[in-house]
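Comments concern the structure below.
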Amino acid sequence: MCNAILAVPIDPHNNDTLIWNHHHSGVFTVNSAYHLANSNLSSPGPSNLATYKRWWTTVWSSNIPPKIKHFVWKAFHHILPSNLNLFHRRSTPSPFCSLCLSHHDSNTHSLLECSRAGKIWKHSSFYQFYLKNKKCDIKEFMLRGFESYDKDQFYSFLGLIWAIWNNRNRAIFNPNHVTDFCVESSVSYYLQEYRDAQNRISISCHTSHHPSPNVQVPDDTYRLSVDAALSQSTNQHGYGAVVTDSKGTVIATLMATSHTALPPIFAEAEALHRALLWCQAVCFPIAVITSDCQTLVHRAVLHHIPRSTNTAAHDLARSALGTDKEIIRNLFSSLP
């Protein structure tokens, strides 16, 4: 073996260099290190790309409040503001759990390992699943729940994890609050209230939205319609966007505002830009983009539609002129 090593030819004119094997350039980058670390977060299990795609499609299309979806995204990526994360950011003096005081307060600890979280799991219908999988990382725990439950149970499962986080925060910031460990029923009631409200909104949107019959949207993809509105008196722009499925059903809407004095064509482009960033952030598979601005369509590969068939996005853009905040409304119904 020694002789074989010594027999390896070496170029005496070049010095040895360190090669980072996880980037095509051979040079270390923070981006490649992040992806390497992220790929090792979960234990072995349903962690292939197909499972991830089905997971995120189900999460983002679920008929649950957006704040729960946002929470799930943070928990999945281990970026909830637990003491351990805050300690690494030098925002808190100790990485230990504020409740049990004996373990580092990672996201997994807060949601699974802490005794307080365990009591809530014990009083839920998911207790047997919890006992079997509580040693998992929270990311793997949620993925296994996704594989184990039907859609309605899975939504309640995510809602319970969200409620555990809220219960933890109340215990930390309001120690005098009376603790109720039986939270599953209140979560179910909250989710049902949200679904009922979304159904009422969906019916209202369906009566006013008339999709163009000439634009075909493939199954399992969505169409994005965008528009901008201008207030001459205030130089304020309103932006509106509507996401619909292949049947023309409204899936989600966005409206936002800006006080920049942009020319109309740039306002239309900004409306498209904001809408695309939003769709990218929530992983909407957009196949078709429509706008009633012919100049914008000619500069980009878009479908032009008449104003009469872009009323939903236009109405949102006009409504945005009266507000200073971004409003997003998710109108997903459960997928088959």
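A quick note: this is a predicted structure, and the numbers were derived from the prediction, not measured.
Although no hydrogens or angles enter the test, the distance criterion places a donor-acceptor pair under 3.5 Å between the side chain of His77 and the main chain of Trp73. In this structure a side-chain-to-backbone donor-acceptor pair under 3.5 Å is missing from Lys74 to Pro81. Between the side chain of Asn310 and the backbone N or O of Ala313, no donor-acceptor pair lies under 3.5 Å.
In summary, the aromatic rings of Phe96 and His104 are positioned with their centroids under 6.0 Å apart. The ring of Trp162 has its center closer than 6.0 angstrom to the ring center of Tyr190. If you look at Tyr155 and Tyr149, their ring centroids are not closer than 6.0 Å. Aromatic rings of Phe141 and Trp121 (six-membered ring for Trp) have centroids within the 6.0 Å cut-off, being under it.
Using a 3.5 Å distance cut-off with no hydrogens or angles, the side chains of Asn83 and Ser98 do pair a donor with an acceptor. Under 3.5 Å, the side chains of Asn63 and Arg195 contain no donor-acceptor pair of N or O atoms. Side-chain atoms of Ser82 and Asn107 form a donor-acceptor pair, as typed in the model, at a separation below 3.5 Å. Looking at Glu184 and Ser125, their side chains do bring a donor and an acceptor atom within 3.5 Å of each other. A side-chain donor-acceptor contact under 3.5 Å links Thr290 and Ser225.
Salt-bridge formation is not detected for the pair Lys247/Asp219: no Lys NZ or Arg NE/NH1/NH2 atom is positioned less than 4.0 Å from an Asp or Glu carboxylate oxygen.
In this structure, Gln192 places its CD atom where more than 12 heavy-atom neighbours from other residues, nucleotides or ligands lie under 6.0 Å away.
Here the side chains of Ser291 and Glu268 are in contact, with some heavy-atom distance below 4.5 Å.
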Which pairs of donor and acceptor atoms, one on a side chain in residues 85-92, lie under 3.5 Å apart (sequence neighbours left out)?
from	atom 1	to	atom 2	distance (Å)
Asn85	ND2	His78	O	3.0
Asn85	ND2	Leu80	O	2.8

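Residues forming a salt bridge (charged side-chain N to carboxylate O under 4.0 Å, His left out) with Arg54 (at least two apart in sequence, or on another chain): Glu147. Scanning for salt bridge (charged side-chain N to carboxylate O under 4.0 Å, His left out) contacts around Glu270 gives Arg274, with sequence neighbours left out.
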